[in-house]
Q: 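What follows is a single structure, and I will ask about it in a moment.
Order of the sequence lines sets the chain letters (A, B, ...), proteins ahead of strands, with each chain counted from 1. When reading the values below, keep in mind they use all heavy atoms of this one structure, side chains included, and skip hydrogens, waters and symmetry mates.
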Number of protein chains: 2
Amino acid sequence: MTNTAGTVRGKRRQTSWTQDPEGVRRNILEVARAEFVENGLSGARVDDIAAKTATSKRMIYYYFGDKEGLYRAVLEGMYDRIRSFERSLDLDALPPEEAMTRLTEATFDYHIENPDFVRMVMVENVHHARHLKASRTITRLNSSVVEVTRGIYERGVAAGLFRAGLEPLDISLTISALSIYNVSHRATVGQVFDYDMCAPDALARRRSMTVAAILGILRR
Amino acid sequence: MTNTAGTVRGKRRQTSWTQDPEGVRRNILEVARAEFVENGLSGARVDDIAAKTATSKRMIYYYFGDKEGLYRAVLEGMYDRIRSFERSLDLDALPPEEAMTRLTEATFDYHIENPDFVRMVMVENVHHARHLKASRTITRLNSSVVEVTRGIYERGVAAGLFRAGLEPLDISLTISALSIYNVSHRATVGQVFDYDMCAPDALARRRSMTVAAILGILRR
DNA sequence: GACCAATTGAACCAGTCAGTACATTTATCA
DNA sequence: TGATAAATGTACTGACTGGTTCAATTGGTC
């Protein structure tokens, strides 16, 4: 009998147990995510992950093959989440400037609220996106956020509000850069400038500055 | 007799050698930088670093104590370099808008030309800036680029060109965010969007968009 | 040229780590 | 109910890895 999804069985020295493949899988993934996010790929220890799991190391290898397979699974989960966030954006009803503002703010907020995603992407960049390449789930399942941006931008251009000739992808990347930075470089900036970018007041300033930057790029 | 600085003695099975402490140190640092930048702190192998060196593993421990000490030395070297870049900026003679444009472009270019620095900072952020904290050389030897930014900004406000009420540090961080991103996220963006941000034409677009973003923030 | 501190090399070590062998239990279904 | 497949736990291993030992060589100084 399969337990409720997500249920985690008691630990230590059990000779009797209930099968719960999905729960075990999920449990491993959750723990692994925390560890990879905290220590990177080579910094994370399979034994540590296993220890924090409700199951054993054996299960990690049973379900994910090897350490990199586990890492890849975590990475894919992260990208799945942001994809569904992007799909949830529905800004067609708003006038161009307001739509772009909302898009920027929503993206900004998503990154603040999902530091694990940001850190995982950082780690993946340290590895030259090698694992992203290896994952056919992610590759070419192209991000829809660019199309959202393109739609808003073209409406703005048509309305004479935005200047023409820009590449929607570049706009999208600029939003991304300004959103990610607060989380990805929080530690070094905090140390070098004695400034916590994620403190509420700093965040408010940075958020409105980000919107100003994007609109500044677009306004003609 | 000390050899010319930077000289590297021949390798393999030598029982006779010339002392060259500075050269050995520098050689180790160069190799270590490449390895840390490529593999991160935990990903880099002391044995690999030693093998690529003109000297032996023993010397790494002799001069740098342990792996983290070596990493810290590399990190400090990187920050020294950008500090001297920042000090080299002399934009007081230019009118505010032009000065800010030049500052932005120079910062943008610096990051493109020094991907090692960018990657090292990324790695350090993965480690929550733990080693930056441990280094008294870097900490509180506050970055002068903020003062440069403040100077230009205040001139611009005084001249009625820039809108008042902004925090110079936030402006500086925004420039930094837009400059770093191209290098730090080159791999994942390349993979997900099939777009090389560092290709010459893309770079030109991103550079001018960055300037537009900064001026967009400032213009009243 | 003899002495001493600064350097350097080669081999070695003890702990760690990813991955495995093997046995066992649980679920499925005819 | 019995056979088969899926899922799981325990204990282990071989390779790797950061770090060390110990002896030797070099260069400066008097």
Q: In this structure, how many angstroms lie between the P atom of C/dT20 and the CE atom of A/Met59, rounded?
A: 14 Å
Q: A/Phe36 has an atom CZ; how far is it from atom P of C/dA18, in whole Å?
A: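 These atoms are roughly 9 Å apart.
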Q: Considering only nitrogen or oxygen atoms on both sides, find all protein atoms under 3.5 Å from nucleotides 20-22 of chain D and state each distance.
A:
{"unit_1": "D/dT21", "atom_1": "O4", "unit_2": "B/Arg58", "atom_2": "NE", "d": "3.3"}

Q: Looking at C/dG9, I'd like to know if its phosphate oxygens (OP1 or OP2) sit under 4.0 Å from a side-chain N or O belonging to B/Tyr62.
A: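 Negative; the distance criterion is not met.
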Q: Mind checking side-chain hydrogen bond (donor to acceptor under 3.5 Å, both in side chains) for B/Tyr62 and listing every partner two or more places apart, or none if nothing turns up?
A: none
Q: OP1 or OP2 of D/dG9 versus the side-chain N and O atoms of A/Thr55: is any pair under 4.0 Å?
A: yes
Q: Which residue in the set B/Lys67, B/Lys57, B/Arg58 passes salt bridge (charged side-chain N to carboxylate O under 4.0 Å, His left out) when paired with B/Asp47?
A: B/Lys57
Q: Is B/Tyr63 touching bases, backbone alone, or none of the nucleic acid, heavy atoms closer than 4.0 Å?
A: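 Counting heavy atoms under 4.0 Å across all strands, the contact made by B/Tyr63 is with sugar-phosphate only.
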Q: Identify each donor-acceptor pair in which a side-chain atom of residues 34-43 of chain B lies under 3.5 Å from a protein atom, sequence neighbours left out, and give them as a table.
A:
{"unit_1": "B/Glu35", "atom_1": "OE2", "unit_2": "B/Lys52", "atom_2": "NZ", "d": "2.6"}
{"unit_1": "B/Glu38", "atom_1": "OE2", "unit_2": "A/His128", "atom_2": "NE2", "d": "3.1"}

Q: What pairs with B/Tyr110 under side-chain contact (heavy atoms from CB on, under 4.5 Å), at least two apart in sequence or on another chain?
A: B/Arg81, B/Ile82, B/Phe85, B/Asn114, B/Phe117
Q: Please tell me which of the listed nucleotides, D/dT17, C/dT7, C/dC17, lies nearest to the side chain of B/Asp47?
A: D/dT17
Q: Mind checking what makes side-chain contact (heavy atoms from CB on, under 4.5 Å) contact with A/Thr188, not counting sequence neighbours?
A: A/His185, B/Tyr79, B/Val121, B/Glu124, B/Asn125, B/Ala129, B/Leu132
Q: When you check the phosphate oxygens OP1 and OP2 of D/dG18, does a side-chain N or O of B/Arg45 lie under 4.0 Å from one of them?
A: yes
Q: Could you list the residues that satisfy side-chain contact (heavy atoms from CB on, under 4.5 Å) with B/Thr174, not counting sequence neighbours?
A: A/Leu178, A/Arg206, A/Met209, B/Leu178, B/Ile214, B/Ile217
Q: Specify the separation, in whole Å, of atom CZ of A/Phe64 and atom P of D/dA7.
A: 12 Å
Q: D/dA7 C1' sits how many Å from A/Ile28 CD1, rounded?
A: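 Going from CD1 in A/Ile28 over to C1' in D/dA7 covers 11 Å.
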